[in-house]
Amino acid sequence: MTFPYQLEGRYLKPTSGFSSYGRINIILLSSALANQLAQLKMENQRTQGFRYQKKSAANMVSGFRQFLYFTAYFKLVSLPASEVTISLFLEFMSRTVGYEHLKHLLYTVNYFHKALNLTYPEDSFQIDTTLQGLKRRLARVPFQVLPITPDIMRKIYKFLDMRKTEDLALWCSYLTAFYGLLRKASTVPDTSSEDRPTCLLRRHLQVDTQNNIVYIYIGFSKTNNFCKRDVIIPVPGNSDPALDLVRHLNALYNAVSCSADEPAFCYRKKAYVNYSTFTSRLKVLLKKAGLDADLFSGHSFRRGGATFLHDNGGTTLIVQASGDWSSQCFTKYLYLTEAQRLCAQLVMQAAIERTIGM
């Protein structure tokens, strides 16, 4: 494309073939361009800030802060860091954290070096050997919380008062997480209002009383960060007075009025079930039911729903789609009882018996 102006002293003069509204002062033009460029740079910095979710970004800042504390304490050069410094940092942190967290810390140190245009020891034999050695040395069986089952839910239900809207909202959140195989982060918000778009809002739970179904609309999750798809989960009602989501959600909506853009489990104006209450109340209820609360967490509903669905005929594909897993890594969530494992061994025993004398 031909530029319609040519330089003439401190002005841009229109070339032949182009209409002109007069000469353009280069100083004014340069100033305008500089302002636009400065604004563009600010917008780009803001865009780069969207690379990670709020919590992921906070975790990275926290990890890098630990690295800076470490180097300051031992009087080491932090930026740019040598492969020796990074290896010693991993060794030091291995006293208190596991292998997976060490990988996260290493990535964080690498990221901040690149963000600050500093040289990072890529493909360092010493760093790689340290990390792999720690992987072997720290090897252990990972702890997995136990699944929440329908029987457990019936037990803890007895310690709730459905006449209280706070208890009613809490119970609706538990039922929704169980039937929807939802993560806690997809069910209830953190205490910050900025986290609301990533959890269920009132408009995401629709009760179809005529057909006795609750429709759960999920447009954002851990595996759907960019809202590329909507997941709709139809949850039919049932005759169990404790486990019927349609009945309890209807009662909550009739008792508590709130905006469609408020968190789904509001129990009064500007008060709703959040991360803290979701987990802390669960621990209290489990203890009252005579169970070891340390063996469960908010994630137990997701694991419990997946296990219950699989145990009752849900195929691998159905469980994967229902829980919105991007791969079949969810199979590690499925909980097999001793009796179920015995059934598997009896199948093998029967097969061996059939081979005797052949």
Side-chain angles (χ1 to χ4, degrees), residues 145-184 186-188 200 202 204-218 231-256 264-267 273 277-279 281-293 295-315 318-319 321-323 333-337 339-340:
V145 294
L146 294 180
I148 294 285
T149 66
D151 286 340
I152 292 176
M153 295 180 72
R154 292 187 186 99
K155 290 179 181 179
I156 64 177
Y157 179 76
K158 297 176 182 177
F159 298 97
L160 290 170
D161 186 350
M162 292 300 112
R163 294 171 298 181
K164 298 179 179 179
T165 54
E166 185 172 356
D167 283 8
L168 180 58
L170 181 71
W171 190 244
C172 286
S173 71
Y174 289 168
L175 290 176
T176 301
F178 177 80
Y179 289 122
L181 280 61
L182 300 180
R183 301 173 181 87
K184 180 176 65 173
S186 299
T187 309
V188 295
L200 290 175
R202 178 64 75 96
H204 294 144
L205 290 175
Q206 300 294 327
V207 182
D208 183 347
T209 306
Q210 183 176 358
N211 294 305
N212 197 34
I213 291 179
V214 170
Y215 290 97
I216 307 174
Y217 297 87
I218 304 172
V231 177
I232 302 175
I233 305 174
V235 181
N238 56 62
S239 57
D240 190 313
L243 304 182
D244 184 3
L245 177 58
V246 176
R247 172 174 168 264
H248 287 94
L249 200 61
N250 249 332
L252 178 64
Y253 283 7
N254 290 332
V256 181
F265 308 107
C266 288
Y267 50 87
V273 179
T277 53
F278 188 91
T279 303
R281 290 291 306 276
L282 175 63
K283 298 283 188 180
V284 172
L285 291 169
L286 288 167
K287 288 179 181 178
K288 287 183 177 180
L291 299 169
D292 186 349
L295 300 179
F296 300 87
S297 75
H299 207 66
S300 293
F301 289 102
R302 179 167 167 81
R303 189 179 185 197
T307 300
F308 186 70
L309 176 58
H310 183 264
D311 288 349
N312 289 278
T315 64
I318 288 177
V319 176
S322 298
Y333 283 66
L334 303 181
Y335 181 78
L336 293 181
T337 64
Q340 289 171 317

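Here the side chain of Arg183 pairs no donor or acceptor atom with the backbone of Arg302 at under 3.5 angstrom. Proximity of a side-chain donor or acceptor of Ser173 to a complementary backbone N or O of Leu170 within less than 3.5 Å is detected. With hydrogens and angles ignored, the 3.5 Å screen pairs no side-chain donor or acceptor of Tyr217 with any backbone N or O of Gln206. Listed for the Thr277 side chain is no donor-acceptor partner under 3.5 Å among the backbone atoms of Val273. The backbone N or O of Leu160 sits nowhere less than 3.5 Å from a side-chain atom of Asp167 that would complete a donor-acceptor pair. A donor-acceptor contact shorter than 3.5 Å links the side chain of Arg303 to the backbone of Val145.
Inter-residue side-chain proximity for Phe159 and Val284 is flagged as unmet; no heavy-atom pair is nearer than 4.5 Å. The side-chain heavy atoms of Leu175 and Val214, taken from C-beta on, include no pair separated by under 4.5 Å. A 4.5 Å side-chain heavy-atom check between Tyr215 and Ile232 finds at least one atom pair inside the cut-off. In this structure, Arg281 and Glu166 have side chains that are in contact, with non-hydrogen atoms separated by less than 4.5 Å. Phe265 has its side chain within reach of Thr187: a pair of non-hydrogen atoms, C-beta onward, lies under 4.5 Å apart. Considering only heavy atoms from C-beta on, Tyr253 comes within 4.5 Å of Arg202 through its side chain. Residues Ile156 and Leu282 have side chains in contact (heavy-atom distance under 4.5 Å, counting atoms from C-beta outward). A heavy-atom distance below 4.5 Å is found between the side chains of Pro150 and Phe178.
Counting only N and O atoms by type, the side chains of Tyr179 and Asn238 include a donor and acceptor under 3.5 Å apart.
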>> Is there a side-chain contact (heavy atoms from CB on, under 4.5 Å) between Leu245 and Val207? Walk through the geometry before answering.
In response: CA-CA 9 Å; Leu245 177 58; Val207 182; over 6 Å; no

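Residue Gly304 comes nearest to Pro147 through the heavy atom pair CA-CB, 3.4 Å, listed as atom of the first residue, atom of the second, then distance. When all heavy atoms of Ala255 and Thr165 are compared, the closest pair comes out as CB-CG2, 4.0 Å. In this structure, Cys266 and Leu252 approach most closely via the heavy-atom pair O-CD1, 3.6 Å. The shortest non-hydrogen separation linking Val246 to Val235 is CG2-O, 4.0 Å.
A ring-ring contact (aromatic ring centres under 6.0 Å, His included) with Phe301 is found for one member of Phe278, Trp171, Phe296 and no other, namely Phe278.
Taking OG1 of Thr149 as the reference point, atom CZ of Phe308 lies at 8.5 Å (rounded to 0.5 Å). In this structure, Arg247 CZ and Ser239 OG are separated by 11.0 Å, a value rounded to the nearest 0.5 Å. Atoms CG and NZ, on Leu286 and Lys155 in that order, are 10.5 Å from each other to the nearest 0.5 Å. Atom OG1 of Thr209 sits about 4.0 Å away from atom CG of Asn250, to the nearest 0.5 Å. A distance of 13.0 Å separates CD1 of Ile213 from CD1 of Ile233, quoted to the nearest 0.5 Å. For the atom pair CD1 of Ile148 and OG1 of Thr307, the computed distance is 11.0 Å after rounding to the nearest 0.5 Å.
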